[in-house]
Visitor: 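Quick one: this structure, given as structure tokens, is what I'll be asking you about.
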Amino acid sequence: MSTNWQGIERKSRAPISLTDTDTPTVDPATVIHAVPDAEPAPAETTPEPVDHREAPLVSGRRSAAVLRKENVNDQLPPSTGWQAFLRAISFGLISPKVGAGELARRADLSAIQRVYSRPMQVTVVQPLGGVGKTMCSVGIGSTFGIHSGQQTLVWDNNEMMGTAGVRTNSNDSTRTVWDLLNVLESFETVTARKGELSYYTRHQGNNQFSVLVADEDADRMKSIGADEFNRIHAVVSRFYDTIIVDTGNNTRSANWLAAIEVTDQLVIPATLKRNAVVSALRMIEQLESMSERTGNPHYKDLVANAVVLVTQGGGAKVSAAEQAELRANLASAVRVMIDIPYDPALDTGSIIDWQLVGDPARRAFERASSQIAEGLLTVDRATSTHTINR
């Protein structure tokens, strides 16, 4: 008889007894078992978890002291200044030591080339317009893009109509952050690719960074709040190592506050004029008050670690005494202040091509980017959950 029954039939039938009452009883001692009784299986033991964070066998205390130097900047021959000229005309027979200026520049570029444990965000903030937020964003983006060797993005997060699309090369692209937001779901998957995201950004060629520009429609930009910012941030963080966020003037707008929440390094452009300094200090006071009200030290730490870029605005000149007073007021609240000298290529009101920027301004942005990198390193070491040897 087939035992391949349907479920209902199996339930309706009585269970089959394996003991027939009509069968004579057999002495259990005479029964021969084909399979001996199995011994009870030992209880399974769960292996103890291995703590990989325990101290290594080799601590590296002594060897690290020997390998403390991160580079050989002082061993390379000079490439600028009279030292390089003298070495060239003597065909290398005379090779003076590298000058202090060139050594400082090499140290700055080495700092910019650091690698962090996660994508890092630099946010450029200043409630007052016309002090160079977008210019500084492009300068930082160009410096990191050219010298870091990593993927760099400048994101215009203006709550209205930003100017990054005017100050950078469009490469015949009309796509904005609004266009990206409309297709963002396709990038929130594991199959999303960098090449597809690049379609919505504008690459800056030899400047070696990309731009995600704000939309020209103010109503569209106003609809990008905290949730939209966070979704876009999660996507671009998968494909870019350094994200420079250029912000608008409203420090209470949802997208401005959302950017502050995920900021690793604050950059504050300001001219040494009373309205610019007062505007920056009021924003600083707002951030400090946010820490006091919420108990979250993040906002106050951003201020303490901030880098101020002193830009050269137009208009009437301010006396040296007043400039010194304004500089002291700002310096008391932040970590470092760096002067950005005037350069005609930065003041055209149109596209900023870093290839046209003069050496003094380039060098100033290298020093500024080095200080930004130092701040990022401090934050990364404080927040990283990984053990990283640097």
Side-chain angles (χ1 to χ4, degrees), residues 121-137 140 154-167 176-178 180-181 184 212-234 236-237 243-271 273-309 311 313 326 329-330 332-335 375 379:
Q121 178 175 308
V122 179
T123 305
V124 183
V125 292
Q126 165 64 278
L128 183 67
V131 296
K133 285 195 298 289
T134 300
M135 181 268 289
C136 289
S137 298
I140 298 168
V154 172
W155 174 4
D156 191 351
N157 185 45
N158 198 306
E159 70 277 358
M160 298 295 286
M161 296 181 293
T163 58
V166 178
R167 307 305 306 276
T176 69
V177 66
W178 179 260
L180 174 61
L181 185 61
L184 199 61
L212 180 60
V213 304
D215 199 86
E216 291 81 2
D217 189 326
D219 288 333
R220 289 180 176 180
M221 288 307 300
K222 285 191 294 185
S223 66
I224 297 181
D227 292 341
E228 291 78 10
F229 176 90
N230 290 331
R231 289 180 60 203
I232 296 171
H233 181 269
V236 298
S237 296
I243 303 169
I244 296 101
V245 177
D246 182 14
T247 60
N249 302 336
N250 185 359
T251 61
R252 302 297 178 90
S253 66
N255 62 334
W256 192 95
L257 293 171
I260 290 296
E261 291 293 333
V262 290
T263 295
D264 298 299
Q265 174 67 57
L266 209 62
V267 175
I268 307 173
T271 58
K273 294 185 177 181
R274 197 163 296 276
N275 62 340
V277 173
V278 168
S279 176
L281 289 175
R282 285 176 176 171
M283 178 194 64
I284 286 173
E285 291 167 351
Q286 173 187 329
L287 292 171
E288 291 174 338
S289 295
M290 288 168 61
S291 280
E292 293 170 1
R293 291 185 179 185
T294 63
N296 185 353
H298 171 68
Y299 316 108
K300 186 178 291 187
D301 291 344
L302 286 178
V303 171
N305 194 37
V307 175
V308 170
L309 302 184
T311 59
L326 295 173
N329 287 330
L330 265 180
S332 64
V334 300
R335 175 166 58 92
V379 172

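Remember, it's a predicted structure, so these values are computed and weren't measured experimentally.
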Visitor: With the side chain counted from C-beta on, respond yes when Leu266 and Asn305 share a heavy-atom pair under 4.5 Å apart, and no when they do not.
Guide: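 Contact flag for Leu266/Asn305 side chains = no.
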Visitor: To the nearest 0.5 Å, tell me how far Leu309 CG sits from Ser137 OG.
Guide: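 One finds 9.5 Å between CG of Leu309 and OG of Ser137.
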Visitor: Measuring only between side-chain heavy atoms, which start at C-beta, is Val124 closer than 4.5 Å to Thr247?
Guide: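 Sidechains of Thr247 and Val124: no contact.
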Visitor: Val278: which residues meet the side-chain contact (heavy atoms from CB on, under 4.5 Å) condition with it, sequence neighbours left out?
Guide: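 Val278: side-chain contact (heavy atoms from CB on, under 4.5 Å) contacts with Arg274, Arg282.
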Visitor: Report the distance from atom CG of Leu257 to atom CD of Glu159, rounding to the nearest 0.5 Å.
Guide: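 If we round to the nearest 0.5 Å, Leu257:CG and Glu159:CD are 10.5 Å apart.
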Visitor: Specify the closest pair of heavy atoms between Asn249 and Pro127, including all atoms of both residues, with the distance to one decimal.
Guide: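 Taking every non-hydrogen atom into account, CB-O, 3.0 Å.
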Visitor: Drop me the distance from Glu228's CD to Leu180's CG, to the nearest 0.5 angstrom.
Guide: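 Output value for this atom pair is 12.0 Å.
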Visitor: Less than 4.5 Å apart, side chain to side chain, heavy atoms only: is that true for Ile232 and Leu181?
Guide: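 With C-beta onward as the side chain, the pair touches.
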Visitor: What residues form a side-chain hydrogen bond (donor to acceptor under 3.5 Å, both in side chains) with Glu216, not counting sequence neighbours?
Guide: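 Here no residue qualifies.
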Visitor: Quick one: does any side-chain atom of Asn158 pair with a main-chain N or O of Asp246 as donor and acceptor, under 3.5 Å?
Guide: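 Judged by distance alone, no pair lies under 3.5 Å.
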Visitor: Please report the interatomic distance CG(Leu287) to OG1(Thr263), rounded to the nearest 0.5 Å.
Guide: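 So the CG of Leu287 and the OG1 of Thr263 are separated by 9.0 Å.
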Visitor: How far does NZ of Lys133 sit from CG of Leu128, to the nearest 0.5 angstrom?
Guide: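 If I round to the nearest 0.5 Å, the distance is 7.0 Å.
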Visitor: Indicate yes or no for a side-chain donor-acceptor contact from Asn255 to the backbone of Asn157 under 3.5 Å, with no hydrogens or angles considered.
Guide: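 It does hold such a pair.
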Visitor: Would you find a donor on one side and an acceptor on the other, under 3.5 Å apart, between the side chain of Asp156 and the backbone of Ala164?
Guide: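 The answer is yes, because a donor-acceptor pair under 3.5 Å joins these two groups.
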Visitor: Over all heavy atoms of both residues, which pair between Thr123 and Ala259 is shortest? Give the atoms and the distance, please.
Guide: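 Answer, listing the atom of Thr123 first, then Ala259: OG1-O, 4.1 Å.
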Visitor: Between Ser237 and Ala234, is there a donor-acceptor pair closer than 3.5 Å when you use the side chain of the first and the backbone of the second?
Guide: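 Side chain of Ser237 to backbone of Ala234: no pair is present.
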Visitor: Looking at every non-hydrogen atom in both residues, tell me the closest pair between Leu302 and Ile260 and how far apart they are.
Guide: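 Nearest pair, atom of Leu302 first, then Ile260: CD1-O, 3.8 Å.
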Visitor: Rounded to the nearest 0.5 Å, how far does CE of Met290 lie from CD of Glu288?
Guide: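 So the CD of Glu288 and the CE of Met290 are separated by 11.5 Å.
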Visitor: Looking only at atom types and distance, does a side-chain atom of Glu261 sit under 3.5 Å from a main-chain N or O of Ala258, one as donor and one as acceptor?
Guide: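 Not a single qualifying donor-acceptor pair exists.
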Visitor: Taking it one step at a time, do Asn250 and Trp256 satisfy side-chain contact (heavy atoms from CB on, under 4.5 Å)?
Guide: CA-CA 7 Å; Asn250 185 359; Trp256 192 95; over 6 Å; no
Visitor: Between Pro269 and Val131, which heavy-atom pair has the shortest distance, and what is it?
Guide: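 Scanning both residues completely, I find the closest heavy atoms to be O-CG2, 3.8 Å.
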Visitor: Please find the pair of heavy atoms, one from Val177 and one from Asp215, that lie closest to each other, and give the distance.
Guide: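 Smallest interatomic distance, heavy atoms only, reads CG1-N, 4.2 Å.
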Visitor: Asp264: what forms a side-chain hydrogen bond (donor to acceptor under 3.5 Å, both in side chains) with it, not counting sequence neighbours?
Guide: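 Residues passing side-chain hydrogen bond (donor to acceptor under 3.5 Å, both in side chains) with Asp264: Arg118.
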Visitor: Could you check Ile268 against Ile284 for side-chain contact (heavy atoms from CB on, under 4.5 Å), going step by step and ending with a plain yes or no?
Guide: CA-CA 10 Å; Ile268 307 173; Ile284 286 173; 4.1 Å; yes
Visitor: Check Ala214 against Gly162 and note the closest heavy-atom contact, atom names and distance.
Guide: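 The answer is CB-N, 3.7 Å.
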Visitor: Would you check, one step at a time, whether the test side-chain contact (heavy atoms from CB on, under 4.5 Å) holds for Gln265 with Val307?
Guide: CA-CA 8 Å; Gln265 174 67 57; Val307 175; 3.7 Å; yes
